[in-house]
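Some notes on the structure that comes next.
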Amino acid sequence: MNSLDQITPQQKTYFAQYLLDWYDKNKRKLPWRDTKDPYKIWLSEIILQQTRVDQGMPYYRAFIETFPRIQDLAHANEEQVLRLWQGLGYYTRARNLHRCAKYIYDELGGNFPKTYAELIKLPGIGPYTAAAIASFAFDEATAVVDGNVFRVLARVWGIQLEINSTSGKKTFTNLANELVPANRVGDYNQAIMEFGALHCQPKGAKCGECGLASQCHALQHKLVDKLPLKKKKPQARQRYLNYFIIGDGERFWLRQRQDKDIWKNLFEFYLIESEELVENFEIFLPKLKPLFPDFVLESKSRLYKHVLSHQHLHVRFYHLNTPNACVENVLPSNYSLYTIEEIRQLPKPILIHKYLEHCVFSLNLTKI
DNA sequence: AATCCGGGGCT
DNA sequence: AGCCCAGGATT
């Protein structure tokens, strides 16, 4: 492995200059480049967290059109911001975006903080985003360290440290900052990320046509597909969420999830969670019977089953559609009855998870 | 230090 | 269908 102090000043200069030249030739034209407007740069960076350019672009345009200036965003209500964000995921980004706009407009008189140290204090702005805004908008010589930068640095300099460990992050950040050139800081930061996104990709890196090939540690040691190193996280506990859509066709049992655990505040149907996969529906009958005395599977009800999976979460829906389902006094605590119309009007990404949305909007929740 | 937050792309 | 991706906040 290369140690940092083995990198000569000549190597550093060549590295930065190569990336800048590469960037000049290969950069994509993006609406948030070629601007120094911190509002536009900030907005684009928040959208681009965990989001690809292609996916984020329409959202960026919609936000700029709806909120051309930071005061427009600051004056909006949260509901409006969340609806524009709908479909992007990670909704706390939208809440923090709005909070941050209000703070900058109301408390700072609309003056965007200009330094990394000030920016990182703002909600939704961490080390990466603070460095991006500080360097793109204000030419501060501070390195961005995102997934692309981890990958490019790990490969070129042969850094075999885990990028998701605290010490690994620190080392990569230090190296990144040592490599930042004296001029064109913003362009350099854009360049290394663009290079990682378009050329030195996670898979299928274009090493054959790479000007850094002769000094790339990973290429020379056949480590391109191995780097960057990442600490494996132990397999998450598999969770089986068995939902029972219990209703008479007009009203359904629903509750809002509590603050702990996943899907905070989101609505859900009657839930029986199990440690393992339950294939046989009959297993649940003893639990359902007391709550649901009128329930007769054999004759009066219809059963639909839908199965959805994501990561360690396995979600099953049993749709039990029977008459006399909504006896108030057997309703379990913290569940309430909601009409179909009330369910449909709950804001989709904010209060209804995609799984439940699938159920509410594609299953036919009608009277039998 | 570990866990949660949501989408989409790739195989 | 099952992996992989990865900034920031929270605990």
More 5' along DNA chain C: A:Lys230 or A:Asn96, using each one's nearest nucleotide?
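Between the two, 5'-proximity favours A:Lys230.
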Return the 5'-most residue of the pair A:Ile120, A:Tyr90 with respect to DNA chain C, ranking by each residue's nearest nucleotide.
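Checking each residue's closest nucleotide, the 5'-ward one belongs to A:Tyr90.
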Which is true for [X] with a 4.0 Å heavy-atom rule: it touches a base, it touches only sugar-phosphate, or it touches nothing?
X        : answer
A:Ile163 : nothing
A:Gln50  : base
A:Pro202 : nothing
A:Ser165 : nothing
A:Asp54  : nothing

To the nearest angstrom, how far is [X] atom [atom1] from [N] atom [atom2]?
X        : N      : atom1 : atom2 : result
A:Lys231 : C:dC5  : NZ    : C1'   : 18 Å
A:Leu198 : B:dG9  : CG    : P     : 16 Å
A:Ile47  : B:dG6  : CD1   : C1'   : 15 Å
A:Leu48  : B:dG6  : CG    : P     : 18 Å
A:Ile125 : C:dG7  : CD1   : C1'   : 12 Å
A:Gln201 : B:dC10 : CD    : C1'   : 13 Å
A:Asp225 : C:dC5  : CG    : C1'   : 16 Å
A:Arg93  : B:dG6  : CZ    : P     : 9 Å

Partner of A:Trp85 under ring pair (Phe, Tyr, Trp, His ring centres under 6.0 Å), chosen from A:Phe67, A:Tyr59, A:Phe63, A:Tyr90:
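Result: among A:Phe67, A:Tyr59, A:Phe63, A:Tyr90, A:Phe63 is the only option passing the ring pair (Phe, Tyr, Trp, His ring centres under 6.0 Å) with A:Trp85.
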Looking at C:dG8, does its base get a donor-acceptor pair with the side chain of A:Gln49 below 3.5 Å?
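Not at all, since no donor on one side and acceptor on the other fall under 3.5 Å apart.
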Which of these passes salt bridge (charged side-chain N to carboxylate O under 4.0 Å, His left out) with A:Glu194: A:Lys27, A:Lys25, A:Arg33?
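That would be A:Arg33.
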Would you say a side-chain N or O of A:Thr129 is under 4.0 Å from OP1 or OP2 of C:dG7?
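No, outside the criterion.
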What I want to find out is whether A:Asp139 reaches A:Lys36 closely enough, with some N-O distance under 4.0 Å, to be called a salt bridge.
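Judged by the 4.0 Å cut-off on N to carboxylate O distance, A:Asp139 and A:Lys36 do form a salt bridge.
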C1'-based separation of B:dA2 from C:dA6 [nearest Å]
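So the two C1' atoms sit 15 Å from each other.
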Using the P atoms only, state how far B:dG6 lies from C:dT11, rounded to an integer number of Å.
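It comes out at 15 Å once rounded to the nearest Å.
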According to side-chain hydrogen bond (donor to acceptor under 3.5 Å, both in side chains), who are the partners of A:Gln55, at least two apart in sequence or on a separate chain?
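A:Gln55 satisfies side-chain hydrogen bond (donor to acceptor under 3.5 Å, both in side chains) with no residue once adjacent residues are dropped.
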Holding to side-chain hydrogen bond (donor to acceptor under 3.5 Å, both in side chains), I want the full list of residues that pass it with A:Lys222, two or more places apart in sequence or in another chain.
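A:Lys222 satisfies side-chain hydrogen bond (donor to acceptor under 3.5 Å, both in side chains) with no other residue.
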Between A:Lys203 and A:Thr92, who's closer to the 5' end of DNA chain B by nearest nucleotide?
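The residue mapped nearer the 5' terminus is A:Thr92.
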